[in-house]
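Okay, structure first, notes after.
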Amino acid sequence: MDSELEGGLKVIRAADADVDKVWGVVKSCSDWLLGEKKLDHWSKYYTREIIENKIKKQEVLLVYQGGGVVGTITLDTNPVDYYTEENLSHFSDPSAKAIYVSVVAVNPEVQGRGIASRLMKLADDVAKSRGIDYVRFDCRAEYTDLANFYQKRGYAKVGSFSEGEDQNYLLMEKKVI
């Protein structure tokens with residue numbers, strides 16, 4: 001999937017040879033989350049190997065601006081592997097087709113320029129074009145600015161789950177069709 005987004009962004013599907021490009025964005029965001037927000041969930045979970053597996057099994061997209069990689073997003077029609085049946089039961093219609101979004105990452109030096117907004121709109125547009133009803137994902141509850149960002153774009157909090165003390169997640173979804 002290659003496409004152009006407003007703001008001079010070019011989106012291409014990552015290939016096996018792009019592991020280091022995707023990993024570079026994810027690692028820079030992981031470091032930023034830990035340093036700026038004191039959130040360690042990405043640094044504890046994401047590894048280069050996990051990114052490599054995502055590229056092989058899921059739709060990992062790279063975002064370029066001016067020739068350089070500025071972001072990434074992963075789309076899949078299967079829920080992320082850590083969702084339990086209870087997590088899934090919080091979604092409006094758990095059996096409905098959905099695009100599950102993960103690893104939305106924008107290089108820290110270009111954050112605040114609307115790139116993440118365009119990536120989420122892209123996820124919505126991909127779902128619509130494929131006749132898929134929902135876009136779903138989770139985000140850290142403690143990162144309230146991010147939760148607000150998603151809510152301003154029409155995503156609703158439909159549930160939550162916890163992975164230990166101070167590791168709370170919101171389940172988010174938007175009906176796009």
Side-chain angles (χ1 to χ4, degrees), residues 1-78 80 98-130 132 135-155 169-170 172-174 176:
M1 166 203 202
D2 291 2
S3 64
E4 300 275 335
L5 301 178
E6 82 181 55
L9 300 177
K10 181 176 172 115
V11 179
I12 64 158
R13 184 166 183 164
D16 292 343
D18 295 319
V19 171
D20 289 328
K21 291 177 185 175
V22 177
W23 174 238
V25 175
V26 172
K27 178 76 169 113
S28 69
C29 288
S30 174
D31 293 346
W32 180 85
L33 281 167
L34 187 57
E36 294 295 317
K37 300 293 182 183
K38 308 298 182 233
L39 297 173
D40 63 358
H41 60 297
W42 275 31
S43 60
K44 286 183 174 181
Y45 180 74
Y46 289 119
T47 63
R48 187 183 182 284
E49 181 180 63
I50 285 176
I51 298 303
E52 189 172 14
N53 287 333
K54 281 184 170 292
I55 290 172
K56 289 181 189 312
K57 298 176 182 175
Q58 298 172 311
E59 191 171 356
V60 177
L61 305 176
L62 272 170
V63 184
Y64 290 84
Q65 187 173 48
V69 175
V70 296
T72 186
I73 187 171
T74 300
L75 308 176
D76 199 345
T77 54
N78 295 307
V80 292
I99 291 282
Y100 292 87
V101 174
S102 62
V103 198
V104 178
V106 175
N107 279 332
E109 58 271 8
V110 295
Q111 289 178 3
R113 297 183 189 172
I115 297 169
S117 293
R118 286 185 220 116
L119 287 176
M120 294 310 296
K121 182 178 181 328
L122 176 66
D124 294 349
D125 292 345
V126 166
K128 287 177 196 173
S129 73
R130 295 179 185 173
I132 296 174
V135 173
R136 297 174 172 156
F137 54 91
D138 61 81
C139 72
R140 279 293 291 268
E142 294 84 3
Y143 192 176
T144 54
D145 290 345
L146 186 61
N148 291 336
F149 166 86
Y150 290 129
Q151 287 180 297
K152 286 178 186 172
R153 281 143 192 86
Y155 298 94
Y169 294 85
L170 301 173
M172 311 284 288
E173 82 175 351
K174 180 190 219 180
V176 294

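- Side-chain contact check for Tyr45 versus Ser30: every heavy-atom pair is 4.5 Å or farther apart.
- To the nearest 0.5 Å, atom CG of residue Asn107 and atom CD1 of residue Ile115 are 8.0 Å apart.
- Here Lys128 does not pair with Asp124 in a salt bridge; the nearest charged N to carboxylate O distance is not below 4.0 Å.
- Between the CG atom of Leu170 and the CD atom of Glu142 there is a distance of 8.5 Å, given to the nearest 0.5 Å.
- Between the side chains of Lys21 and Tyr64, a donor-acceptor pair is found at a separation under 3.5 Å.
- In this structure, the side chains of Ile50 and Val26 stay at 4.5 Å or more apart for every pair of heavy atoms.
- Minimum heavy-atom separation, Val176 to Ala127: CG2-CB, 3.7 Å.
- Using cut-offs of 30° and 60° on the angle between ring planes, the pair Tyr169 and His41 is perpendicular.
- Contact of the Leu61 side chain with the Leu122 side chain is registered, since non-hydrogen atoms from C-beta on lie closer than 4.5 Å.
- At least one side-chain heavy atom of Tyr150 sits less than 4.5 Å from a side-chain heavy atom of Val104.
- Interatomic distance, CZ of Arg153 versus NZ of Lys121, reported as 12.5 Å (0.5 Å rounding).
- Under the 4.0 Å criterion applied to side-chain N and carboxylate O atoms, Asp20 and Arg48 are assigned as salt-bridge partners.
- Between the Gln65 side chain and the Gly7 main chain, a donor and an acceptor come within less than 3.5 Å of each other.
- For the pair Lys57 (side chain) and Asp76 (backbone), a donor-acceptor distance under 3.5 Å is absent.
- Here the CG-CZ distance, from Leu5 to Arg118, works out to 7.5 Å after rounding to the nearest 0.5 Å.
- Nearest approach of Gly154 to Lys174, heavy atoms of both residues: O-CG, 3.7 Å.
- Residue Val135 comes nearest to Ala123 through the heavy atom pair CG2-O, 3.8 Å, listed as atom of the first residue, atom of the second, then distance.
- Between atom NZ of residue Lys54 and atom CD of residue Glu49 there is a gap of 13.0 Å, rounded to the nearest 0.5 Å.
- Within 6.0 Å of NZ in Lys37 there are more than 12 heavy atoms belonging to other residues, nucleotides or ligands.
- Annotation: side chain of Thr72 is in contact with side chain of Val60 (closest heavy-atom distance under 4.5 Å).
- Using cut-offs of 30° and 60° on the angle between ring planes, the pair Trp32 and Tyr143 is tilted.
- Side-chain contact check for Val80 versus Phe137: every heavy-atom pair is 4.5 Å or farther apart.
- Looking at heavy atoms from C-beta onward, Cys29 lies in side-chain contact with Gln111 at the 4.5 angstrom threshold.
- The one candidate from Val22, Val63, Leu62 that meets the side-chain contact (heavy atoms from CB on, under 4.5 Å) condition with Val69 is Leu62.
- In terms of modelled atom types and a separation under 3.5 Å, the side chain of Asp31 and the main chain of Ser28 share no donor-acceptor contact.
- Rounding to the nearest 0.5 angstrom, the gap separating the CZ atom in Arg13 from the CD atom in Gln58 is 9.5 Å.
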